[in-house]
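The next block holds one structure in the form of structure tokens; read it before the comments.
Below, chains carry the letters A, B, ... as their sequence lines are ordered, and counting in each starts from 1.
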Amino acid sequence: MPPTVPTTPTTRLTPLTSGRAAPSPAVATALPLAFEQVTRSYGGRTVLGGIDLEVAAGEIVTILGPSGGGKSTLLRILGGLDRPSGGRVSIAGSPVAPYDPRCAIGFQEPRLLPWRTLAQNVALGLPRGLAKTDAAQRVSHLLELVGLTHAAEQRPREVSGGMAQRASLARALARNPGVLLLDEPFGALDALTRLKMQDLLLDVHANAPTTVLLVTHDVDEALQLGDRVVLLGSRGDSRSDSREGSRDESDEGQDGTVVARVVAVPGERPRDRGDARLAHLRAELLAGLGIDTHRNPPQRNPPQ
Amino acid sequence: MATDLTRPLSRRWGRAAVAAVLPVAVLVAWQLLSTSGLFTITQLPSPELVWQAALDLGRRGLLGQYVAISTQRVLIGFAAGAALGIVLGAFVGLSRFWAAFFSFTLASIRAVPSLAWVPLLIIWFHIGEAEKVILVAIGAFFPVYTTVAGSLRHVDPHLIEAGRAYGYSGARLFGAVQLPAVLPSVVSGLRLALAQAWLFLVAAELLGASMGLGYLLTQSQQVGRTDQTFLAIFLLAILGSVSDLVVGLVSRVATRRWS
């Protein structure tokens, strides 16, 4: 047989059975998701009182809300770490499974295994059944993406909080998630590191377009990162969103968080952090969170 | 490199010198008291007599035999008890059901003093190796069981949840998260278990043995050979500390690697 096909020695990459196990994270397929009338109560306390939300594939949606308002619960339900008491949650049309493999979660704390190096921690997120060489290649690619190549062999306790959080993000990306869930991932970082991490997340998203649901308590962060900002609040707060009629209020008092507002953020990312339209939205959102923005004469920083 | 090593090394020698002060003082006091005429040889044999007893037993081949059989009983009993302790401890530490099922019974058994088992074990297994090894295994079981169960129950739930969120469950989760997380405390449980194994060995050999260090203790007491009694005690001290030293080294490596 004449050598018509030039074979390079590196073309040993056999096609893998599942598409998500490809060596580059750039092939992640972003998936759409939907919450339909999702409720969650613990004992007698209703945390989520009927959440309706649809997120398109590849969209970044940031979620704001009062503390204890069920923001994390929402993410945990979507990731299959918790189950809704009622309603339906689906990713790409099919219901969420326990610890759904289509999702990856970045927790508020990095939650790295202290006895593993950063590289080994990132490898924890890899899909199963990946060939060893592919796995190593993927881990080093991800470490490069989050700027941790130099720290690959260090242990979590030897690195800063920002580095640990970047490793945690790389681990989540290693799963090649259709939906990336981030639960106040930068909340514990200092202000400057947080800004850098926000830019990093946008870089990563540009590289590997996945759907991102990000919970934050920081209004600026929500506006800087999101295509849309979802403001959670109690039922009385809901204004512009389409909530048909009044469902019978069978349980008195606490009836859980609902989507109070959905705000489409204007402009292209990365956004100018000083954009006047954002400042206006920021004031609106803070007001929605029950924070007085002191907008009249002396402009002060709002309390966190 | 050399400058790096000299300081810790000299410090180590310094520590060894400090540690040696008390044994040397005791030895000197012992020598003085035993030759002062205040005590009979049966009450307090001199260090030299104890040394002679060691040489004598050594010449007759008994010293090596006793040390070997006692060490063998400890090692086999320790291995069996520790293995069972790890398995049951894992069940109890990982599952609420098995915790409820086992903990009460095992806590009651644990309350039984070591010597209380000996008559029953002799009735069931007769005087022999099995009876002694089983007693040692009982002794080694409990420290391992308790530390494994306790430390598994207290593995950071955040790490376990992260493991699950990344698709780990069952044996894979155990191997990737829970086992490494508890390894340092398991090793310290093993260390306690080994010390306890030596305690239970002596209990087993005091009653109904024909060789071993515990046998040497009772035998020498009955015939008034206090030099041999001293010898047996020294040998137990040495064997116990050597085995502790070995597990201590393992423990240091485990702590450095897995925490």
Side-chain angles (χ1 to χ4, degrees), chain A residues 18 20-21 72 75-82 96-117 120-130 139 155-158 164-165 167-177 179-183 185 188, chain B residues 4 8 82 86 89-90 93-97 144 147-191 247-259:
Chain A
S18 72
R20 60 191 182 131
S72 299
L75 282 201
R76 295 171 57 83
I77 286 176
L78 188 62
L81 273 63
D82 195 355
V96 165
Y99 305 107
D100 200 298
R102 296 169 293 180
C103 295
I105 289 202
F107 298 96
Q108 192 170 358
E109 329 74 35
R111 298 199 190 181
L112 301 173
L113 301 179
W115 54 87
R116 290 189 174 206
T117 63
Q120 289 167 337
N121 265 292
V122 172
L124 190 84
L126 291 172
R128 279 180 86 170
L130 208 58
V139 166
R155 301 276 199 91
R157 82 158 77 89
E158 298 164 350
Q165 203 51 271
S168 168
L169 180 62
R171 177 178 64 182
L173 294 169
R175 233 187 166 196
N176 232 332
V179 180
L180 179 62
L181 307 171
L182 299 171
D183 187 1
Chain B
D4 275 339
I86 288 174
L94 290 176
S95 137
R96 280 171 200 281
F97 172 79
V144 177
T147 46
V148 170
S151 51
L152 277 177
R153 210 170 294 137
H154 293 114
V155 174
D156 184 356
H158 275 173
L159 291 186
I160 294 177
E161 188 181 63
R164 288 194 192 280
Y166 287 104
Y168 285 72
S169 61
R172 287 180 75 235
L173 183 69
F174 184 75
V177 180
Q178 284 143 324
L179 183 65
V182 302
L183 263 182
S185 43
V186 169
V187 174
S188 59
L190 290 175
R191 198 170 175 180
V247 186
L249 284 177
V250 175
S251 152
R252 263 174 48 193
V253 173
T255 310
R256 205 174 310 146
R257 175 69 187 81
W258 280 288
S259 63

- prompt: Any chance CZ of B:R252 has more than 12 other-residue heavy atoms, nucleotides or ligands included, within less than 6.0 Å?
  reply: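 Check fails, neighbour count at 12 or below.
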query: To the nearest 0.5 Å, what is the distance between OH (B:Y166) and CG (A:L126)?
result: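 One finds 11.0 Å between OH of B:Y166 and CG of A:L126.
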- prompt: Distance from B:L159 atom CG to A:W115 atom CH2, nearest 0.5 Å?
  reply: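 Answer for the CG-CH2 pair, B:L159 versus A:W115, is 5.5 Å.
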Portion of A:R171 that has a non-hydrogen atom of chain B nearer than 4.5 angstrom: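 Both parts, heavy atoms under 4.5 Å.
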Which atom of [X] lies closest to which atom of [Y], heavy atoms considered:
X: A:R155; Y: B:R256; value: NH2-O, 3.5 Å
X: B:A165; Y: A:F107; value: CB-CZ, 4.1 Å
X: A:R175; Y: B:G167; value: NH2-N, 3.5 Å

